Number of protein chains: 2
Amino acid sequence: MLSKKTKYGIKALTYLAKQEQNTPVQIATISKSETISLKFLESILLTLRKSGLLGSKKGKGGGYYLLKDPKDIKMTTVMRVLEGPIAMVSCVSLNYYEKCDDCPDEAECSVHHLMIQVRDSNLKIYGETSLADLVH
Amino acid sequence: MLSKKTKYGIKALTYLAKQEQNTPVQIATISKSETISLKFLESILLTLRKSGLLGSKKGKGGGYYLLKDPKDIKMTTVMRVLEGPIAMVSCVSLNYYEKCDDCPDEAECSVHHLMIQVRDSNLKIYGETSLADLVH
DNA sequence: TGTTATCCTATGGAATTAGTAGGATATTAT
DNA sequence: ATAATATCCTACTAATTCCATAGGATAACA
């Protein structure tokens, strides 16, 4: 299941992508519009900023804004930043690979093969979808 | 990420599907072969039995066995029993649908649309894969 | 020099995960 | 009968993750 962090994060990014101009939007504005706890959203936007997806401005007229064109923000990036690995087991993860403790031989593992298929199909979807596509 | 319960469960089912004859296999045998904690595996096999996938026999010569031909056990069933909903958000779940608290309109939700795609592609994989396919 | 809004660390409750413990129950063999 | 075998079942626990919340520090603007 998708964490609320990821869900809220995507909603907030979509909200920003919808803006006509890319001027800063306050946390409180997004919080109200999307019914997300202000403090929780604050922490989510902070990680999105640290990951390089968002820029921010302090003080009056401040807020968060996208650093790239929504067309150029792929959902693979968004998912990895918010949710972590796209793979369902670390032994099939491209970016966070780790060997399984209980598997002597990956090639023999039934779960491994199945999860490679799942990873690839999800990767295809996230790779072909940009933030711009999510704006209805 | 896939829970260990699901991972171990699939491995155990695959182990049973590999057997030449469908005679009962003891928990301890699977536990040793697949390097899974005996007690943990016991609880997993119990849920698999309660879900109708496995039969069991007590006493000497007892153990667990598949109730159907591996060809007829689809991974959709296995995943739902072990991991729960296949959908990543309950608002796109076919079997466990629930409305989101924060969404006034699903049709307008950017996450909703994306997750329908993910659900469908995963459902396709799990639906087209049977336990027999996992026995390489 | 206030006011505004993000920045950042720390904390906490609830839920989930990954087991463990130990006795009850049913089946088989002697 | 009875001892041995193996599942059945409930309850418990430790660790981790999730979903926030609190509150002050910092930076920008009027």
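Predicted model only: the values in this text are computed from it and were never measured. Chain letters run A, B, ... following the sequence lines, proteins first and then strands; every chain starts at 1.
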- Task: Scan residues 54-67 of chain B against DNA chain C and write down, sorted by residue number, each residue with any heavy atom closer than 4.0 Å; if none is found, say none.
- Result: B/K57, B/K58, B/G59, B/K60
- Item | Residue among B/L134, B/L13, B/L131 satisfying side-chain contact (heavy atoms from CB on, under 4.5 Å) with A/S110 | B/L134
- Message: What is the separation between atom CG on B/L2 and atom P on C/dT16, rounded to the nearest whole Å?
- Response: 17 Å
- Message: Below 4.0 angstrom, which residues in residues 16-53 of chain B have at least one non-hydrogen atom near DNA chain D?
- Response: B/Q26, B/I27, B/K39, B/E42, B/L46, B/R49, B/K50
Only distances under 3.5 Å count here; give the side-chain donor-acceptor pairs of residues 25-38 of chain A to other protein atoms, sequence neighbours excluded, each with its distance to 0.1 Å.
unit_1, atom_1, unit_2, atom_2, d
A/S31, OG, A/I36, O, 2.7
A/S37, OG, A/F40, N, 3.3

- Inspect the surroundings of CG in A/D101 and state if more than 12 heavy atoms from other residues, nucleotides or ligands are less than 6.0 Å away. no
- Flag, side chain of A/R119 to backbone of A/V92, donor-acceptor distance under 3.5 Å: yes
- For the pair A/T129 (side chain) and A/Y126 (backbone), establish whether a donor and an acceptor sit closer than 3.5 Å, ignoring hydrogens and angles. no
- Message: Is the shortest side-chain heavy-atom distance between B/S121 and A/I125 below 4.5 Å?
- Response: yes
- Item | Contacts of A/E128 that satisfy salt bridge (charged side-chain N to carboxylate O under 4.0 Å, His left out) - sequence neighbours left out | A/K124
- Item | Minimum side-chain heavy-atom gap A/L66-A/P70 below 4.5 Å | yes
- Item | Intermediate values then yes/no, side chain to side chain contact (heavy atoms under 4.5 Å, CB included), B/K74 and B/V78 | CA-CA 7 Å; B/K74 280 200 286 187; B/V78 175; over 6 Å; no
- Message: Strictly below 4.0 Å, N to O, side chains only: are B/K11 and A/D102 in salt-bridge contact?
- Response: yes
- C/dA18 phosphate, OP1 or OP2: any side-chain N/O from B/Y8 under 4.0 angstrom? no
- Task: Could you check which residues of residues 81-106 of chain A get a heavy atom under 4.0 Å from DNA chain C? Sort them by number, please.
- Result: none
- Item | A/K57 side chain reached by A/Y64 side chain, heavy atoms, under 4.5 Å | no
- Do the side chain of A/D120 and the main chain of A/Q117 share a donor and acceptor less than 3.5 angstrom apart? no
- Chi angles and distances behind the side-chain hydrogen bond (donor to acceptor under 3.5 Å, both in side chains) call for A/E98, A/S90: CA-CA 5 Å; A/E98 252 179 70; A/S90 49; 4.9 Å; no
- For DNA chain D, which nucleotides open and close the run of contacts to chain B, 5' to 3', at under 4.0 angstrom from a non-hydrogen atom? D/dT5 to D/dC9
